[in-house]
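Take a look at the structure below.
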Number of protein chains: 2
Amino acid sequence: MSETSPEYILERMSHPLIDELSEHLTPRAISLKKGDFLFQQGQSVKYIYYLLQGRITLNRSTIEGAKVILHVALAGDTLAEASLFSEQYHCSAKVDATAKLIGFKKSEVLQYLDSSPQFMKQLLAILASQVRELRSLNEIKNIRSAQERILAYIRIENRINIENLSLKDIAYKIGLTHETFYRELRKLEKSGQISRSDSMIKLII
Amino acid sequence: MSETSPEYILERMSHPLIDELSEHLTPRAISLKKGDFLFQQGQSVKYIYYLLQGRITLNRSTIEGAKVILHVALAGDTLAEASLFSEQYHCSAKVDATAKLIGFKKSEVLQYLDSSPQFMKQLLAILASQVRELRSLNEIKNIRSAQERILAYIRIENRINIENLSLKDIAYKIGLTHETFYRELRKLEKSGQISRSDSMIKLII
DNA sequence: CGAGTCGTTGAACGGAATCAATCGTCGTGG
DNA sequence: CCACGACGATTGATTCCGTTCAACGACTCG
């Protein structure tokens, strides 16, 4: 785990929460490779994180011993913010693809939270909008037709930014295999319903 | 829209946020029938809600004129908490099945929020855990096998409480048609992997 | 230079959706 | 108060489309 603060911390895409935290606390840079664990279920919560690059799977061991994947975090996701209010991590975080993260000390965040009601309110708003976003994602996955699901996703997000997330990641996010996602994108492009550049996928009309 | 405060407000299942709000603010009881709108996209936000019974679909009209379903709220869901921090509702809420709700005045909630940092923190924790829950639901929907998906859901929730939610509702929640859900439940029961009572579905072992 | 991953395309299969029909129950309005 | 409509739960048959497996080129990173 490297502990320098390299320039990539500053080169990240903007995120309201991380922007605010970076301004007031000292971010810690973390690099991990596939197979590493960011944290393990049961450990006491010391940090919360923001994932800049890579893929991290959160899974929990149930009482019966089975493992359940709770979430697959992709670039742009925050990790363990829920654990800000618990003593221990309720799941393990295993690195799937070489990851770069920013970490903030839980104690410092909580302290800042207490000192600034305004920040607290901002955090509330962020979480609320995260709930909204997740609900839409959830709803989209109830659309059986791959094509319609993709269209619904683009309509909600207005566009798909493919600079930060790979097509494969997006496919996963909306619950399609990457194969069908590629195929349907192609179809939509051919039928003139979407346009693709190397940074954006947009609806036509 | 009835505006009395009937006893069902007190008979609801417990919910940390609603419990707290009910204690400090005056809840408003609302009954709506199928086809009614709880609120419409663009209206200014006056209330936030808690759904006791029924089903309410949140949908948004996009710029292109298409309608996208953002969320289908079921009994136990909060509605429009995200709008606590916006001026207008960003979607419309249409009643699908006769609904009973509790409403709280936005202004009163915000005022209470300002007066009590402790409540604010509590709200933060609730939203954070909601994020966690939604992420798991999302993840579950990436499991293709109906049977495995159901098992994963029960593992995460520990059990399925079928007193408040119909089987149909649960099927929808995890992204299955009610037909397959019934069928797979039956199979799981027959093969001795789950047990069903009229209030609970549990894993065996 | 080689390993690994992403993007892409092809072929075949399987399982969940879909359509349809039935039963029981609950609420309700005439 | 009862008949009717609506909806949940259930089962059957069929279809279809997304998954799965497989293979390949391009590119990146070490």
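Scope of the values below: all heavy atoms of this structure, side chains included, with no hydrogens, waters or symmetry mates. Residue numbers start from 1 in every chain, and the chains themselves are labelled A, B, ... in the order their sequence lines are given, proteins ahead of strands.
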### Query
What about B:Arg183, does its side chain sit under 3.5 Å from the base of D:dG12 through a donor-acceptor pair?
yes

### Sugar-phosphate only, base, or nothing, as touched by B:Ser166 at under 4.0 Å among non-hydrogen atoms
sugar-phosphate

### Task
List in chain and number order the residues that pass side chain to side chain contact (heavy atoms under 4.5 Å, CB included) with B:Gln88, two or more places apart in sequence or in another chain; answer none if no residue qualifies.
none

### Task
Pull out every residue in residues 144-157 of chain B that has a heavy atom closer than 4.0 Å to any atom of DNA chain C, ordered by number, or say none.
B:Arg144, B:Ser145, B:Ala146

## Note on the structure
Winner on side-chain proximity to A:Leu167, out of C:dT18, C:dT8, D:dG8, is C:dT8

### Message
In this structure, how many angstroms lie between the C1' atom of D:dG8 and the CG atom of B:Leu165, rounded?
### Response
13 Å

## Note on the structure
Rounding to 0.5 Å, atoms OG (B:Ser83) and CD (B:Gln43) come to a distance of 11.5 Å

### Query
Which whole-number value in Å describes the distance from B:Leu176 CG to D:dA9 P?
14 Å

### d(CG, A:Asp198; P, D:dC27) in whole Å
13 Å

### Task
Assess whether side-chain hydrogen bond (donor to acceptor under 3.5 Å, both in side chains) is satisfied between B:Lys141 and A:Asn142, documenting all intermediate values.
CA-CA 9 Å; B:Lys141 289 190 180 177; A:Asn142 279 1; 3.1 Å; yes

### Query
Could you give the CD-to-P distance, from A:Gln53 to C:dC6, as a whole number of Å?
12 Å

### Summary
To the nearest angstrom, the CZ-P distance between B:Phe181 and D:dT11 comes to 14 Å

### Query
About how many Å separate CD of A:Glu81 and OG of B:Ser129, when rounded to the nearest 0.5 Å?
11.0 Å

### Message
Using the ring centroid of each side chain, check whether A:Phe119 and A:Tyr112 are separated by less than 6.0 Å.
### Response
yes

### Query
Which atom pair, heavy atoms only, marks the closest approach of A:Arg155 to B:Thr62?
CB-CG2, 3.9 Å

## Note on the structure
Whole-Å distance, A:Leu74 CG to C:dC6 P, equals 11 Å

#### Entry: Rounded (10°) bend between the five-pair end axes of the helix from C:dC1-D:dG30 to C:dG30-D:dC1
60°

#### Entry: Out of C:dC6, D:dA9, C:dT18, whichever nucleotide has its closest atom nearest the side chain of B:Lys168
D:dA9

### Message
Output the rounded distance in Å from CD (B:Glu184) to P (C:dG14).
### Response
16 Å

### Task
Can you run down the ring-ring contact (aromatic ring centres under 6.0 Å, His included) pairs that involve residues 71-97 of chain B, sequence neighbours left out, and say none if there aren't any?
B:Phe39-B:Tyr89

### Task
Find out whether the Lys NZ or Arg CZ of A:Arg28 is both under 6.0 angstrom from the six-membered ring centre of A:Tyr47 and within 45° of the ring's axis.
yes

### Message
Rounded to the nearest 0.5 Å, what separates atom OH in A:Tyr153 from atom CD1 in A:Ile140?
### Response
7.0 Å

### Task
Would you tell me if any nitrogen or oxygen in the side chain of A:Tyr182 comes within less than 4.0 Å of OP1 or OP2 on C:dG7?
yes

### Message
So B:Lys33, base contact, sugar-phosphate only, or nothing? Heavy-atom distance under 4.0 Å.
### Response
nothing

### Query
Between B:Ser92 and B:Asn59, do the side chains contain an N or O donor and an N or O acceptor separated by less than 3.5 Å?
no

### Query
Are A:Leu70 and B:Arg135 side-chain neighbours, meaning at least one heavy-atom pair lies under 4.5 Å?
no

Restricting to nitrogen or oxygen on both sides, can you table the protein-nucleotides 20-27 of chain C pairs closer than 3.5 Å?
none

### Summary
ring-ring contact (aromatic ring centres under 6.0 Å, His included) pairs touching residues 166-198 of chain B, sequence neighbours excluded, are B:His178-B:Tyr182

### Message
So, OP1 or OP2 of D:dA6: does either fall under 4.0 Å of a side-chain N or O from B:Lys34?
### Response
no

### Summary
Comparing nearest nucleotides in DNA chain D, the 5'-proximal residue of the pair B:Arg186, B:Ala97 is B:Ala97

### Task
Take atom OH of A:Tyr172 and atom C1' of C:dC6, then tell me their distance rounded to the nearest Å.
17 Å

### Query
Does B:Thr177 place a side-chain N or O at less than 4.0 Å from the phosphate oxygens OP1/OP2 of C:dA16?
no

